[in-house]
Amino acid sequence: MERLFLFIYQYRSFFTFLVFQIICVWLLVQNNQYQGAKFFNSANGLAATINNTSQNFRDFLSLRETNQRLSEENAYLKRKLEQRNQSLYTLNVREINDPVLINRFDFLSARVINNSVHQFKNHLTLNKGKKDGITPGMAVISADGIVGKVKVVSDNFSVVTSLLNIDVLTSVQLKRTSHFGTVQWDGANTENVNLLYVPRHVQPQVGDTVVTSGYNSIYPDGLMVGTIDKVDLKDEALFYDLRVKLSQDFRKLSYVAVVKSNLREEQDELEQLIDEK
């Protein structure tokens, strides 16, 4: 405190001058309409700029919370959309109203906390696990397309086998022609996968949309996979060489939705009975 008083005393002339300057400016603003208007306009503009900068900073600090809310809302909307689709299918085709079929799929939001894209067998880690109801075999999707399948889980985390894994085969179909095929990553470009087993009598085109087929109990049908960006057919080949540009950029994964198929166990058990006979 003594040093503060000493500092003020040493610079008393400057502080006196500063006080008188402030008084002069205030009197000038108060007693002159033009100067007063200019001052208050400038002050309001400065205050607005400071408030805007402060709000932007607060928004930046709350981005993680905002993204989490949006991800949970997205999962909720996906669930409602899938319920609607299953309901329309049930009413129009089966002509019954079965709540089990309508609620066939459920969605759980999760955040990606680790992700690899430069290996031949890539995986990603989610911040949700067994405590949240996640089990091995569940599908993982994003707002842009399919991502992979849950491989192992702990109480609080789960590891997902990425679509960018040379061992992963996923059943898909061409949306325009309804022909089926299988996509598989070749370990090269992270933006593309190969579409296999499309016979030569089909006429795929660059730009055709590729979606999940629903020929398994994991993914709902019609989920976006990507679009064809290369078509090649050798003279004696039975199948096309097709390259698909993925709709999901795996280098930018942040939030995903884990898909729970409520009828998966029933379907798997029934198919195993067929295999045993």
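We use all heavy atoms of the structure for the numbers below, so side chains are in, but hydrogens, waters and symmetry mates are not.
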Honestly curious: do [X] and [Y] fall in one hydrophobic cluster under the side-chain, below-4.5 Å linking rule?
X	Y	result
Val256	Val153	yes
Phe107	Ile134	yes
Ile146	Val211	no
Val206	Val210	yes
Val159	Leu108	no

*Going by atom types only, do Ser171 and Thr182 share a side-chain donor-acceptor pair under 3.5 Å?*
no
Distance-minimising heavy-atom pair for [X] and [Y]:
X	Y	value
Lys151	Pro136	O-CB, 3.4 Å
Phe120	Trp185	O-CZ3, 3.6 Å
Phe250	Leu163	CZ-CB, 3.7 Å
Lys234	Asp232	NZ-OD2, 3.8 Å
Leu174	Pro204	CD1-CB, 4.1 Å

Contact check, side chains of [X] and [Y], non-hydrogen atoms, under 4.5 Å:
X	Y	answer
Pro220	Thr212	no
Ser247	Val225	no
Leu196	Phe239	no
Leu195	Tyr240	no
Ile141	Val259	yes
Ile166	Asp186	no
Val244	Asn194	no
Val231	Leu242	yes

_Run the side-chain contact (heavy atoms from CB on, under 4.5 Å) test on Tyr219 and Thr170 for me, step by step, so that the C-alpha distance in whole Å, both residues' side-chain angles and the decisive distance to 0.1 Å come before the verdict._
CA-CA 9 Å; Tyr219 292 110; Thr170 304; 4.0 Å; yes
Calculate, to the nearest 0.5 Å, the distance between atoms [atom1] and [atom2] belonging to [X] and [Y] respectively.
X	Y	atom1	atom2	answer
Ile113	Arg111	CD1	CZ	7.0 Å
Leu164	Gln184	CG	CD	12.0 Å
Thr125	Asn115	OG1	CG	8.5 Å
Gln248	Leu223	CD	CG	12.5 Å

*asked:* side-chain contact (heavy atoms from CB on, under 4.5 Å), that's the test. Do Leu126 and Val258 meet it? Break it down for me.
replied: CA-CA 10 Å; Leu126 308 181; Val258 182; 3.8 Å; yes
_As a quick check of understanding, evaluate side-chain contact (heavy atoms from CB on, under 4.5 Å) for Leu233 and Arg200, giving each step before the final call._
CA-CA 7 Å; Leu233 180 63; Arg200 64 180 300 122; 3.8 Å; yes
Is there a donor-acceptor pair closer than 3.5 Å between any side-chain N or O of [X] and the backbone N or O of [Y]?
X	Y	value
Asn165	Ser162	no
Asp249	Arg251	yes
Ser142	Gly145	yes
Ser158	Lys128	yes
Asn122	Val117	yes

*asked:* Taking atom OH as the centre, does Tyr197 end up with more than 12 heavy-atom neighbours from other residues, nucleotides or ligands that are less than 6.0 angstrom away?
replied: no
*Could you please spell out the steps behind the side-chain contact (heavy atoms from CB on, under 4.5 Å) verdict for Leu246 and Asn192?*
CA-CA 6 Å; Leu246 294 172; Asn192 302 104; 6.0 Å; no
*Does Arg243 come within less than 4.0 Å of Asp229, counting only side-chain N to carboxylate O?*
yes
*Is the shortest side-chain N to carboxylate O distance from Lys121 to Asp167 below 4.0 Å?*
yes
*Pick out which of Arg176, Gln203, His179 makes a side chain to side chain donor-acceptor pair (under 3.5 Å) with Asp208.*
Arg176
